[in-house]
Amino acid sequence: MRWVGEPYRRRPGYAKRAAERGRLIRPWDKKIIHSELIIDADRHLSHIARQAEVRPVRRPADDGTATLTQAAGGQGSNSAIMRQFNERVILTALRRLGEASKADLARQASLTQNTAGQIVRELERQRLVRTVGKRTGARGQPATLLQLNADGAYSIGIQLGRRSVDCLLIDFSGQVLEARRRERAFPMPEEALGIALEEIAALRKAIPAGGRSRLAGVGLAIPYNLGSWRRELDIPSETYAAWNEFDIAARLREETGLPVLVENDGTAAAVAELFQGHGRELDDFVTLYIGAAIGGGVVLGGDYRRGATGNAGDIGLMPVPPSRLATAPQPTRPLDILLTRASVNSLVRHLRATAGVEITDRAGLDEAVERHPGPTREWLEDCADALVGPLLSIGCVLDVQAVVIDGDLPDGLTGELVGRLRELLAAAAAEAREPPALRIGTVGRSAAATGAAILPLHLNYSPSQQMLFGP
């Protein structure tokens, strides 16, 4: 990483290096690397969004096994920490580019080709980067292409919801190696903990024998206040309030001995979209995930935002007018909350009351939607109507490039919902303002679990401010 500005201009060789890069570095320039690192010349400060947990640094030892050491430790940056920081910048750039040459990475990270080459060699030694071939069709010698080494690290993701427990294993490239799902409506805390522990044990065994020491950790996506909103979500008993006092992440750490990183399920879905979907081309967007309830996540400047309490993007609690469906519970206040009307639970409730079907799992929901298009269409209209106000508010407050809509809905239903929303938003948008652009999510039903699995990789292998300046 290089600071820029007048002192740098006076260093020998500046003009030559700047000419090679095709421009002079001006004090007001900003270089964005997937917008996780922003080098601002005016302030000479690297700004990284605050994360959920203290970031451990996972570095493979000389024998190829992975070890955990603490970053920075409040002692300030030195050459070793700076080198490690630049390694993470290169990894982040390569994760976004997919395949790249050393020259590509040097340009992306604002490093000299020599420095980038040294970093790449070290990352190859750590088994985090590998060569995949040559770039053909260009002038000169074919460039060697690099990509992330899938065997470099592994991670487990768990989505603990009100209707299921979803677990999956991913490799360093983000590829899902194994996915497991337990259909279970409203499990109690100890039961959910037992299910999660069983699945973690099974997924650890699924890691190739030579890579089990390279497990970065467990990511947990869970709705905050899981036992709340009994009326709106048809939670069957007051005993589920026990969830609000149960620290399942602490129990998982204790039982497994692994690092466990926690995020709201809506934020986790945004993380998945950031690293595996529309985030490869968008730096500012909001993700809505329609599950048993509805959650959201915020991505600004290429990094996901947690907010002061970890509830950024918690769209499900935004106030909306009461539902016009007779099957919806009547609010106790003049306004209802969005999750009453826009959620899989509200769809299940409407199908159960109008079509007489009992839905206990995902396959049952898919079948009911296909067999009963009338009630499904009624719910879709009410859901879309409820979303118009919150979506326009998101557009006005955050001015993002797009709103990405995904969820645990049957194939095609999300597309129908987005199509109807575009019509309603166009009709409701204020003068001189365009409604937010809508996109269908690319990750699908596993978005929250996938985002959870990405968390340990992101927090272990992405550049962080703490590495340079301490906590």
Side-chain angles (χ1 to χ4, degrees), residues 157-168 180-196 199 219-249 251-252 262-269 287-297 310-311 313-318 327-329 336-353 357-366 368-369 379 383 386 406-410 444-452:
I158 301 174
Q159 178 190 6
L160 202 161
R162 294 179 174 89
R163 291 187 170 274
S164 66
V165 180
D166 292 87
C167 304
L168 50 81
R180 302 168 67 91
R181 178 178 173 88
R182 297 273 196 101
E183 301 275 2
R184 181 67 174 89
F186 303 108
M188 292 297 290
E190 291 292 343
E191 180 186 3
L193 174 64
I195 293 173
E199 298 301 333
L220 175 64
I222 183 170
Y224 294 165
N225 310 111
L226 191 60
S228 299
W229 309 297
R230 290 183 56 236
R231 176 188 65 85
E232 295 85 353
L233 295 174
D234 301 324
I235 297 177
S237 170
E238 292 182 2
T239 59
Y240 288 92
W243 267 112
N244 294 337
E245 304 299 327
F246 188 74
D247 190 346
I248 190 170
R251 293 288 300 275
L252 286 173
V262 187
E263 279 295 357
N264 183 291
D265 56 343
T267 298
T287 295
L288 304 187
Y289 186 85
I290 302 174
I294 182 172
N311 285 307
D314 193 10
I315 190 174
L317 299 186
M318 291 186 75
T327 56
D336 210 334
I337 55 177
L338 181 62
L339 60 82
T340 308
R341 301 176 61 185
S343 63
V344 169
N345 188 77
S346 62
L347 173 58
V348 169
R349 180 175 58 220
H350 190 63
L351 288 169
R352 182 175 60 237
V357 293
E358 196 61 38
I359 299 170
T360 59
D361 55 25
R362 181 181 283 172
L365 175 62
D366 292 357
V369 165
W379 170 83
C383 175
D406 216 331
D408 193 14
L409 294 171
R445 285 175 148 170
S446 65
T450 300

Holding to side-chain contact (heavy atoms from CB on, under 4.5 Å), I want the full list of residues that pass it with [X], two or more places apart in sequence or in another chain.
X    : result
P410 : L365, D366, V369, L413, R445
D166 : Q159, S164, R181, R362, A449
A249 : L220, D247, R253, V260, V262

At their closest point, which heavy atom of [X] faces which heavy atom of [Y], and how far apart are they?
X    : Y    : value
D265 : A448 : O-CB, 3.8 Å
G310 : N264 : O-CB, 3.9 Å
A293 : L339 : CB-CB, 4.3 Å
A268 : A221 : CB-CB, 3.6 Å
R163 : N345 : NH2-OD1, 3.1 Å
A452 : I158 : CB-O, 3.8 Å

Between T340 and I337, is there a donor-acceptor pair closer than 3.5 Å when you use the side chain of the first and the backbone of the second?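 Yes: the side chain of T340 pairs with the backbone of I337.
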D406 side-chain N/O to G444 backbone N/O, donor-acceptor pair under 3.5 Å: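 Present.
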List the residues meeting side chain to side chain donor-acceptor pair (under 3.5 Å) with R352, not counting sequence neighbours, and say none if there are none.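 Counting only residues at least two positions away or on another chain, R352 forms no side chain to side chain donor-acceptor pair (under 3.5 Å).
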Side chain to side chain donor-acceptor pair (under 3.5 Å) partners of T360, counting only residues at least two apart: none
Reported [atom1]-to-[atom2] distance for the pair [X] and [Y], which is rounded to 0.5 angstrom:
X    : Y    : atom1 : atom2 : value
L160 : I195 : CG    : CD1   : 8.0 Å
C383 : L338 : SG    : CG    : 7.5 Å
L347 : I290 : CG    : CD1   : 10.0 Å
I294 : D314 : CD1   : CG    : 10.0 Å
I222 : R162 : CD1   : CZ    : 9.0 Å
E190 : I248 : CD    : CD1   : 9.0 Å

Does some side-chain heavy atom of L317 sit less than 4.5 Å from a side-chain heavy atom of N311?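 The answer is no, as the side chains (C-beta and beyond) never meet within the 4.5 Å cut-off.
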Just so I know, are the side chains of R349 and W379 near enough to count as touching, which here means a heavy-atom distance under 4.5 Å?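 No, too far: nothing below the 4.5 Å cut-off.
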R182: partners by salt bridge (Lys or Arg N to Asp or Glu O under 4.0 Å), with sequence neighbours left out: E198, E199
